[in-house]
Amino acid sequence: MDALREFEVLIRAKYPIVYVVSWEEARVESALQEVAKKLGRQLHTWSVTQGMKPAVVRASGPVKPTTLPGELEALALVHEATESTAFLLKDFHPYLKDSRVVRLLRDLSSRLRGRDQTLFLSAPTLNLPVELEKDVTVVEYPLPEEKEILGQVEGAIASVKGRPGVNVDLSHDEKELIVRSAQGLTADEIESALARSLVETKSLNVEQIIEEKKQIGRKSGMLQF
């Protein structure tokens, strides 16, 4: 099941809390926006730096000033929001060490069951307290697949097409080789690798993309060819 379909099924089945493991907030948010629009839901996103966007319409009236920490205020807003809503709380894993956050999430799990509301938590790593194991569903968001990578490659080609000294006339087989070489990277990493190849070689060069992949792999000690 692809990620879009899985998000749709979880929302329609009224799963209360979903923990999405991914480095790619932008892709996760874009997928949720697409699903929310299809299902007639309002998607709210939160981060510690940006707060809740758009503002939440509370069932009990206008939002009142609060002295709560941002993460607790975000959960309080989820609790007070009207139905037909979904929430994406970004980089929420550090707060799961707080017993108050854990308790609020357990309360929310009970409240959201049966309601047209779903809470998504996103984080690059899985950090789930034992208290929440029965209340939270975990989804591993996949890295870009061949079709998405090909779209990025073709976008890179279109962006420099016709520039003097730049050669991006690739055969089908050459494009396929580049796509395969970029598998295992995030969308942002692929974009950077393609850009580096264009800057250094004035072309889309498999060797340059693999070298960039090695550089990225050294940071984590893991490399997928």
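For the numbers below, each heavy atom of this structure counts, side chains included, while hydrogens, waters and symmetry mates do not. The residues of the chain are indexed from 1 along the displayed sequence.
For the pair Val153 and Leu204, the minimum side-chain heavy-atom distance is below 4.5 Å. Ile157 has its side chain within reach of Lys175: a pair of non-hydrogen atoms, C-beta onward, lies under 4.5 Å apart. Side-chain contact between Thr85 and Val57 is absent, with no heavy-atom pair separated by less than 4.5 Å. With a 4.5 Å cut-off on side-chain heavy atoms, Asp91 and Glu25 count as touching. Using a 4.5 Å heavy-atom threshold, the side chains of Leu32 and Thr45 count as separate. Counting only heavy atoms from C-beta outward, the side chains of Val48 and Glu71 never approach each other to under 4.5 Å. Counting heavy atoms from C-beta outward, Pro54 and Gln42 have side chains that approach closer than 4.5 Å. For the pair Leu75 and Leu89, the minimum side-chain heavy-atom distance is below 4.5 Å.
For Arg111 (side chain) and Pro16 (main-chain N/O), no donor-acceptor pair under 3.5 Å exists by modelled atom type. Of the possible donor and acceptor atoms, none in the side chain of Asp135 sits under 3.5 Å from a partner among the backbone N and O of Ser109. Of the possible donor and acceptor atoms, one in the side chain of Glu174 sits under 3.5 Å from a partner among the backbone N and O of Ser171. Between the side chain of Glu24 and the backbone N or O of Ala187 there is at least one donor-acceptor pair closer than 3.5 Å.
Within 6.0 Å of CZ on Arg113 lie more than 12 heavy atoms contributed by other residues, nucleotides or ligands. Around atom NZ of Lys14, more than 12 heavy atoms belonging to other residues, nucleotides or ligands sit under 6.0 Å away. Residue Lys90 qualifies as enclosed at atom NZ: its count of foreign heavy atoms under 6.0 Å is above 12. Around atom OH of Tyr15, no more than 12 heavy atoms belonging to other residues, nucleotides or ligands sit under 6.0 Å away. The 12-atom threshold is not exceeded at CZ of Arg163, counting heavy atoms of other residues, nucleotides or ligands nearer than 6.0 Å.
Smallest separation of non-hydrogen atoms from Ser203 and Ser197: O-OG, 2.7 Å. Summarising the geometry of Trp46 relative to Met52, their closest heavy-atom pair is CD1-N, 3.6 Å, with the distance given to 0.1 Å. Residues Leu4 and Glu34 approach most closely at CD1-OE2, 3.7 Å, considering heavy atoms. Residue Val101 comes nearest to Tyr95 through the heavy atom pair CB-O, 3.3 Å, listed as atom of the first residue, atom of the second, then distance. Taking each heavy atom of Lys202 and Gly165 in turn, the nearest pair found is CB-O, 3.3 Å. Across every non-hydrogen atom of Ile17 and Leu105, the tightest pair is CD1-O, 3.4 Å.
Residues Leu194 and Trp23 fall into different hydrophobic clusters, defined by Ile, Leu, Val, Met, Phe, Trp and Tyr side chains chained together at heavy-atom separations under 4.5 Å.
With rounding to the nearest 0.5 Å, the separation of CD in Glu189 from CZ in Arg196 is 13.0 Å. Summarising the geometry, atom CG belonging to Leu108 is positioned 10.5 Å from atom CZ belonging to Arg103; distances are rounded to the nearest 0.5 Å. If you take CD1 on Ile210 and CD1 on Ile178, they are separated by 10.0 Å, rounding to the nearest 0.5 Å. For the atom pair OG of Ser181 and CD of Glu207, the computed distance is 9.0 Å after rounding to the nearest 0.5 Å. Between atom CG of residue Leu96 and atom CG of residue Asn127 there is a gap of 5.5 Å, rounded to the nearest 0.5 Å. Rounding to the nearest 0.5 angstrom, the gap separating the CD atom in Glu191 from the CD atom in Gln152 is 6.5 Å.
With Glu8 as the fixed residue, the salt bridge (charged side-chain N to carboxylate O under 4.0 Å, His left out) test singles out one of Lys37, Arg41, Lys38: Lys38.
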Run Leu126 and Val138 through side-chain contact (heavy atoms from CB on, under 4.5 Å) and show every step you take.
CA-CA 8 Å; Leu126 181 60; Val138 177; 4.0 Å; yes
Let me see the working for Glu6 and Val139 under side-chain contact (heavy atoms from CB on, under 4.5 Å), right down to the final yes or no.
CA-CA 9 Å; Glu6 186 165 11; Val139 172; 3.8 Å; yes
Starting from the C-alpha separation in whole Å, work towards a yes-or-no answer on salt bridge (Lys or Arg N to Asp or Glu O under 4.0 Å) for Lys161 and Asp169.
CA-CA 9 Å; Lys161 193 76 171 179; Asp169 293 326; 2.8 Å; yes
Between Glu176 and Arg180, does the salt bridge (Lys or Arg N to Asp or Glu O under 4.0 Å) criterion hold? Intermediate values first, please.
CA-CA 6 Å; Glu176 191 174 82; Arg180 288 204 306 269; 3.2 Å; yes
Val168 and Leu198: side-chain contact (heavy atoms from CB on, under 4.5 Å), yes or no, with the steps?
CA-CA 9 Å; Val168 287; Leu198 289 170; 3.8 Å; yes
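In this pair, Phe87 and His44 present their aromatic rings parallel. The plane angle is below 30°, not in the 30 to 60° band. Ring geometry for Tyr141 against Phe7 counts as parallel: the plane angle stays under 30°, on a 0 to 90° scale with 60° as the upper cut.
Using a 4.0 Å cut-off between a side-chain N of Lys or Arg and a carboxylate O of Asp or Glu, Arg106 and Glu131 do not qualify as a salt bridge. The residues Glu148 and Arg27 are annotated as salt-bridged, a charged nitrogen and a carboxylate oxygen being separated by less than 4.0 angstrom.
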